[in-house]
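Worksheet for the structure shown next.
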Amino acid sequence: VGGSLVLTCPNKSEVTLVIWKINPKTGGHCILGYRADLSQSNRTNCTDNITWKSGPEHDPALQIRPVERASEGNYTCETGAGDGNFYITYHLTVLVPPKVAVYCDSRGNPVCQAAAGKPPAQISWVPGSSSSPEQEGLGDGTVTVRGTFMGNGSNEKNVTCLVSHPAMNHNKPIAC
């Protein structure tokens with residue numbers, strides 16, 4: 001989320017037609033098209049963050065900037081050239097890094113929270129803890145994960161929370 005993404009298309013010489021068909025998981029479909037014989041491009045139902053990378057007459061690549069959760073879906077490029085039609089399809093999954101926070105609960109136990117991540121983050125502790133993190137779906141495809149340090153019988157209150165996620169890794173120390 002928030003980054004920029006370029007999807008390439010089969011780049012053949014003598015391209016006469018380029019069509020990007022975009023089917024997001026949510027919302028309506030979008031089509032970007034270009035006809036070389038007329039030097040004409042067309043745009044139907046596409047949001048402003050979906051554009052040609054540099055211009056279809058030079059490069060048929062598609063650019064998404066910024067990537068949003070709504071960008072998730074299928075992207076198919078079709079090119080027509082003298083030697084045939086060529087297709088490529090991308091299945092885009094958008095990662096949302098969680099917001100990490102650590103705090104002490106009312107009993108003085110360290111708590112680690114990874115809020116609104118997609119997919120859900122993994123939480124672990126150093127030293128190890130016997131507790132299992134809880135997950136809460138937020139209804140928008142993101143999940144908040146919350147773990148409380150239970151010290152395996154020790155009174156250790158000076159610990160480090162480790163948050164692992166495909167979009168980031170984070171370590172936060174806390175003393176309660």
Side-chain angles (χ1 to χ4, degrees), residues 1-102 112-124 133 135-146 161-172:
V1 167
S4 179
L5 174 67
V6 173
L7 301 176
T8 60
C9 199
N11 199 355
K12 296 292 198 174
S13 60
E14 307 295 323
V15 169
T16 58
L17 178 69
V18 178
I19 300 173
W20 276 100
K21 297 175 184 174
I22 299 148
N23 294 303
K25 281 189 175 177
T26 58
H29 71 279
C30 151
I31 296 174
L32 282 180
Y34 174 71
R35 277 186 59 174
D37 61 338
L38 300 176
S39 295
Q40 179 183 35
S41 60
N42 190 10
R43 176 182 190 92
T44 307
N45 294 332
C46 297
T47 57
D48 291 341
N49 68 324
I50 297 175
T51 61
W52 299 101
K53 179 183 172 201
S54 59
E57 64 279 358
H58 304 300
D59 182 359
L62 183 77
Q63 181 166 306
I64 306 169
R65 182 177 57 196
V67 174
E68 302 166 341
R69 280 188 283 206
S71 303
E72 197 164 68
N74 295 326
Y75 292 73
T76 300
C77 181
E78 176 182 353
T79 56
D83 52 350
N85 290 352
F86 302 90
Y87 302 85
I88 188 166
T89 298
Y90 297 92
H91 306 284
L92 179 63
T93 299
V94 177
L95 302 177
V96 181
K99 293 173 182 64
V100 179
V102 293
C112 184
Q113 177 174 290
K118 181 177 180 259
Q122 301 294 315
I123 293 178
S124 57
Q135 293 189 7
E136 175 189 356
L138 302 180
D140 62 357
T142 64
V143 176
T144 293
V145 180
R146 189 174 302 107
C161 167
L162 308 173
V163 177
S164 300
H165 186 271
M168 51 80 79
N169 287 311
H170 203 76
N171 300 332
K172 279 206 172 218

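- Rounding to the nearest 0.5 Å gives a distance of 10.5 Å between OG1 of T76 and OH of Y90.
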- Query: Hey, mind stepping through C77 and I19 against side chain to side chain contact (heavy atoms under 4.5 Å, CB included) and telling me if it holds?
  - Reply: CA-CA 6 Å; C77 181; I19 300 173; over 6 Å; no
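- Exactly one of I64, L62, N45, I31 qualifies for a side chain to side chain contact (heavy atoms under 4.5 Å, CB included) with I22. That residue is L62.
- Interatomic distance, CG of N85 versus OG1 of T79, reported as 7.0 Å (0.5 Å rounding).
- Taking NZ of K99 as the start and NE2 of H170 as the end, the distance is 13.0 Å to the nearest 0.5 Å.
- You'll find the side chain of N171 stays beyond 4.5 Å of the side chain of C161, heavy atoms only.
- To the nearest 0.5 Å, atoms CG (L162) and CG (N169) are separated by 9.0 Å.
- Between the OG atom of S39 and the CD atom of E57 there is a distance of 7.5 Å, given to the nearest 0.5 Å.
- Residues V163 and A121 approach most closely at CG1-CB, 3.8 Å, considering heavy atoms.
- When atom types are taken as modelled, the side chain of S41 and the backbone of G33 share no donor-acceptor pair closer than 3.5 angstrom.
- Between V94 and V1, some side-chain heavy-atom pair lies under the 4.5 Å cut-off.
- For the pair P166/P119, a side-chain contact is recorded, criterion being any heavy-atom separation below 4.5 Å from C-beta on.
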- Criterion side chain to side chain contact (heavy atoms under 4.5 Å, CB included) on K172 and V100, from CA distance to verdict: CA-CA 9 Å; K172 279 206 172 218; V100 179; 4.1 Å; yes
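- When side chains are defined from C-beta on, T89 does not count as touching Y87, because their heavy atoms never get closer than 4.5 Å.
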- Going through the checks in order, is the side chain to side chain contact (heavy atoms under 4.5 Å, CB included) test met by N49 and R65? CA-CA 5 Å; N49 68 324; R65 182 177 57 196; 5.7 Å; no
- Query: For F86 and V15, what are the C-alpha separation, side-chain angles and deciding distance, and is it a side chain to side chain contact (heavy atoms under 4.5 Å, CB included)?
  - Reply: CA-CA 10 Å; F86 302 90; V15 169; over 6 Å; no
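- When all heavy atoms of I123 and A114 are compared, the closest pair comes out as CD1-N, 4.2 Å.
- Taking both residues in full, the closest heavy atoms of P98 and M168 are given as CD-SD, 3.9 Å, listed atom of the first, atom of the second, then distance.
- Across all non-hydrogen atoms, the minimal contact from A81 to T16 is N-OG1, 4.2 Å.
- Residue S71 comes nearest to L92 through the heavy atom pair O-CD2, 3.4 Å, listed as atom of the first residue, atom of the second, then distance.
- Not a single donor-acceptor pair under 3.5 Å links the side chain of T144 to the backbone N or O of E136.
- Side-chain atoms of R35 and Q40 include no donor-acceptor pair closer than 3.5 Å.
- Y34 and W52 have perpendicular rings, their planes meeting at more than 60° on a 0 to 90° scale where under 30° would count as parallel.
- Considering all non-hydrogen atoms of both residues, D140 and R69 come closest at OD2-NH1, 2.9 Å.
- Between the side chains of H29 and N23, no donor N or O sits under 3.5 Å from an acceptor N or O.
- Under a 4.0 Å N-O distance rule, the pair E72/K118 qualifies as a salt bridge.
- For the pair C46/L32, a side-chain contact is recorded, criterion being any heavy-atom separation below 4.5 Å from C-beta on.
- The line from OH of Y75 to SG of C9 is 14.0 Å long, rounded to the nearest 0.5 Å.
- At least one side-chain heavy atom of K21 sits under 4.5 Å from a side-chain heavy atom of E78.
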